[in-house]
2 protein chains.
Amino acid sequence: MTPTSDPSDDPADGRTSGGARPARRGHRARRGEGQQLREDILDATEELLVAAGDEQAVSIRAVAEKVGRTSPAIYLHFDDKDSLVHAVCERLFDRLADRMDTALADIDDPVERVRAAGHAYVAFATEHPAAYRVLFMDRNDWTGHESTMEGLHDSVAFQSLYRNVVDAYDAGRFHGPGPELTSLALWMGMHGLASLLIAKPSFEWPEQEFLVDLLCEQSLRGLLHDEIG
Amino acid sequence: MTPTSDPSDDPADGRTSGGARPARRGHRARRGEGQQLREDILDATEELLVAAGDEQAVSIRAVAEKVGRTSPAIYLHFDDKDSLVHAVCERLFDRLADRMDTALADIDDPVERVRAAGHAYVAFATEHPAAYRVLFMDRNDWTGHESTMEGLHDSVAFQSLYRNVVDAYDAGRFHGPGPELTSLALWMGMHGLASLLIAKPSFEWPEQEFLVDLLCEQSLRGLLHDEIG
DNA sequence: GCGCTAAGTTAGCGTTGATAAGTTAGCGCC
DNA sequence: GGCGCTAACTTATCAACGCTAACTTAGCGC
């Protein structure tokens, strides 16, 4: 995770743990310590992005001020604003896998695992609306992965559902067009729900958990119809 | 010597049906004719929005130039860029209702009507990606309608599915949580599909029609399970 | 001490949405 | 026929943005 391979730690640097460091303007990083500033920039951007809730509201100048540098210094570490924001969001979304693992830890039934995965997915999306928007609602072609259905499997977002759908099929619980298409359809439903909640937060939606269950119910009834017939 | 500063007007950009009129700079509208320019501004903005495919790529200055005025003149007719773009998109989406009517004209079976409504909805969305993005994927609270579930019924987008779902329930074909929740879930699925197609156009998705059918199938199998059991 | 260069800075370009303040055309009215 | 009112517009400008060119300086090896 964090590149803590730096042996020469300078305690006189005045660093505080957590959040963007208070690096003073004019205090320049030592040779080879550029990577540290890179991390600080990511932290600062994430903070601003979460606070603003909108990519547009985050400016390079604001990020620079937060890390105690001037705006052109940012471009020493990132090609442009897009790649900076994108890096932040991908870093954020790497935590989705962990979130899934903890959410599904105590659940054995494959179908219940699918349902729980849907809940965790939507919950994660609405907890990180700005990141979700950047990665899945803004136009940018495609998020570092190959733009094919095979590439989709590398996406944590898709995987989180897919794996459990595969298990449900393997356990003989699902009857449908196969795990690939089933999880694609499920994912699209969950994405539709998540993106609407994010795009229209002031709309008086029914409870998020209720909506996830509603969507799951509607899909699962068809997939399970042999069981509940 | 810039060729674009030629004072003589471009005759080729003559008024075509639905296009922006070639109003010359300096020719000011007569008293009471401000509404005509307002329409011209809407036309010009729609043209630019469709051409660019992105709200961000449309600038007030470009709109002003297209209607032969200066940029502050736009603000005589619209509060700000947001309300201009929004007005354009709502005007565009008013055509969705007609689209639905023609798409469903020859279909009697209520369930098939729901399926066809889904197809028409997603098709309309992907044919007007910029407008769909502005209305349903960007953050703006909420599109002129009341932000309640009751207000959702005024939305053409929702109505287009809802009416047919009601019919399917009335015909005794659907068995589920009721037309309101069923159409909400169906709409969220269709929105998820449409918004992903729009957000990631370069992704090699399966065919759009196949995806709509896939989602319909997954939902309808549950709703219809008495019939196909 | 000398040079190299990573890591910055200062200054500024071009564009954007938006505003303040000035101007002009057209109409009613005496 | 001239006066004034005001709708409809322009000119000039602001502050903020992403981004770049060109310069500077700190720290390291030699």
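Numbers restart at 1 for each chain; the letters A, B, ... are given by sequence-line order, proteins then strands.
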[X] [atom1] - [N] [atom2] separation (whole Å):
X: Arg38(B); N: dA8(D); atom1: CZ; atom2: P; answer: 13 Å
X: Leu84(A); N: dG18(D); atom1: CG; atom2: C1'; answer: 12 Å
X: Gln36(A); N: dA6(C); atom1: CD; atom2: P; answer: 19 Å

message: What contact category does Ile60(A) fall into here, base, sugar-phosphate, or nothing, at under 4.0 angstrom with non-hydrogen atoms?
response: sugar-phosphate
- Task: Have a look at Val58(A) and say if it touches a base, only the backbone sugar-phosphate, or nothing, with a 4.0 Å heavy-atom cut-off.
- Result: sugar-phosphate
Taking Arg133(A) for its side chain and Ser195(A) for its backbone only, find out whether a donor-acceptor pair lies under 3.5 Å.
no
- Ignoring hydrogens and angles, tell me if any N or O in the side chain of Thr102(B) forms a donor-acceptor pair with the backbone of Asp98(B) under 3.5 Å. yes
Take Leu76(A) and Asp80(B), find for each the nucleotide of DNA chain C with the closest heavy atom, and name the residue whose nucleotide sits nearer the 5' end.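 Looking at DNA chain C, the more 5' nearest nucleotide goes with Leu76(A).
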Using the salt bridge (charged side-chain N to carboxylate O under 4.0 Å, His left out) criterion, which residues pair with Glu127(A)? Sequence neighbours excluded.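 Expected list: Arg99(A).
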Residues passing the salt bridge (charged side-chain N to carboxylate O under 4.0 Å, His left out) test with Arg139(B), sequence neighbours excluded, are none
- prompt: Tyr132(A) vs Phe93(A) aromatic rings, parallel, tilted or perpendicular, using cut-offs 30° and 60°?
  reply: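 Ring orientation of Tyr132(A) relative to Phe93(A): tilted.
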How are the rings of Phe203(A) and Trp205(A) set to each other: parallel, tilted or perpendicular (split at 30° and 60°)?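 Phe203(A) vs Trp205(A) ring planes: tilted.
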Interface polar pairs with nucleotides 21-24 of chain C, N/O, under 3.5 angstrom:
from, atom 1, to, atom 2, distance (Å)
dT24(C), O2, Arg28(B), NH1, 2.6
dT24(C), O2, Arg28(B), NH2, 3.4

Counting heavy atoms from C-beta on, name the nucleotide in dT19(C), dA18(C), dC9(D) closest to the side chain of Lys81(B).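 The closest nucleotide is dA18(C).
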Regarding the side chain of Pro72(B), the nearest nucleotide among dC19(D), dC9(D), dA12(D) is dA12(D)
Original post:
Using a cut-off of less than 4.0 Å, is there contact between a side-chain N or O of Thr70(B) and OP1 or OP2 of dC9(D)?
Top reply: no
Note to self: So, does His77(B) get its side chain near the phosphate of dC9(D), meaning an N or O under 4.0 Å from OP1 or OP2?
What the structure shows: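 Affirmative; the distance criterion is met.
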